[in-house]
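Take a look at the structure set out below.
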Amino acid sequence: MSSSQPAFAKEHDLDYEHFLNQLKKLGLEREAFKQKIEEMSQGQKKRVALAKSLTEEASLYLWDEPANYLDLFNQDQLIKLLAKEQPAMLLVDHDQAFIEAVAKERVNLRPVL
C-alpha cells in the first residue's frame, strides 16, 4: 500500500492540518510533502511518525529513541518543538545530549540483583 500524506492522515484519523503543521515544525522539507511516505528517507519517515504521535491527543507520550535517523538540524527542530509544546512524555534514548536538552527529570534503571 502506498500512502500519500492526506491518505495517511485519513487512515490514522488525524487532523490533516494539525499533522502538516507538526511536520513543518519538525523541519520536513517542502518537496517531501509531495512524496509518498514509503519513498521517504528514514529521517523523513521518523519525522512523519513523530508528527503523527504529536497530532494524536494523549495525556502521556511514550517515545523510544525519537532522535534516531534525525540529523543535528532536525534534532534541534525536535528539541525546540518539545520545549515549546511541553507534552508529558516518557522517553528512552541513548543520546545523552538529546536527553539533557529535553528532559526535566531523569530516571535511571538498574538491574535488581
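The chain is numbered in sequence order, starting from 1.
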Can you tell me if [X] uses its side chain to pair, donor with acceptor, with the backbone of [Y] under 3.5 Å?
X: S53; Y: A49; result: no
X: Q44; Y: S41; result: yes
X: Q77; Y: L28; result: no

Are the side chains of [Y] and [X] in contact, using a 4.5 Å heavy-atom criterion?
X: L81; Y: L26; value: yes
X: K52; Y: F8; value: yes
X: K36; Y: S3; value: no
X: V102; Y: W63; value: no
X: K104; Y: Q86; value: yes
X: K80; Y: K25; value: no
X: E57; Y: H18; value: no

Are there over 12 heavy-atom neighbours, none belonging to [X], within less than 6.0 Å of that residue's [atom1]?
X: L72; atom1: CG; value: no
X: R30; atom1: CZ; value: no
X: Y61; atom1: OH; value: yes
X: D64; atom1: CG; value: yes

Basic-acidic side-chain contact under 4.0 Å: E38, K45: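 Salt bridge between E38 and K45, a charged N being under 4.0 Å from a carboxylate O: no.
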Identify whether the distance between the nearest side-chain nitrogen and carboxylate oxygen of E29 and R47 falls below 4.0 Å.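 Yes, this pair counts.
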In terms of hydrophobic clustering (I, L, V, M, F, W, Y; side-chain heavy atoms under 4.5 Å; direct or indirect links), are [X] and [Y] co-clustered?
X: L14; Y: F33; answer: yes
X: L54; Y: L91; answer: yes
X: M40; Y: L50; answer: no
X: L23; Y: Y16; answer: yes

Using every non-hydrogen atom in the two residues, find where [X] and [Y] come nearest and quote the distance to one decimal.
X: A88; Y: S59; value: CB-O, 3.3 Å
X: Y69; Y: Q42; value: CD2-CB, 3.6 Å
X: I37; Y: S4; value: CD1-O, 4.3 Å

Quick one: do L70 and L78 satisfy side-chain contact (heavy atoms from CB on, under 4.5 Å)? Show the steps, please. CA-CA 9 Å; L70 298 181; L78 178 57; 4.0 Å; yes
Report the C-alpha distance between N68 and H94 in whole Å, list the side-chain angles of each, state the deciding distance to 0.1 Å, and finish with yes or no for side-chain contact (heavy atoms from CB on, under 4.5 Å). CA-CA 9 Å; N68 275 9; H94 68 279; 3.6 Å; yes
side-chain contact (heavy atoms from CB on, under 4.5 Å) for V48 and K46? Distances and angles first, verdict last. CA-CA 5 Å; V48 168; K46 179 61 115 176; over 6 Å; no
side-chain contact (heavy atoms from CB on, under 4.5 Å) between F98 and I79, intermediate numbers included: CA-CA 8 Å; F98 179 77; I79 289 166; 3.8 Å; yes
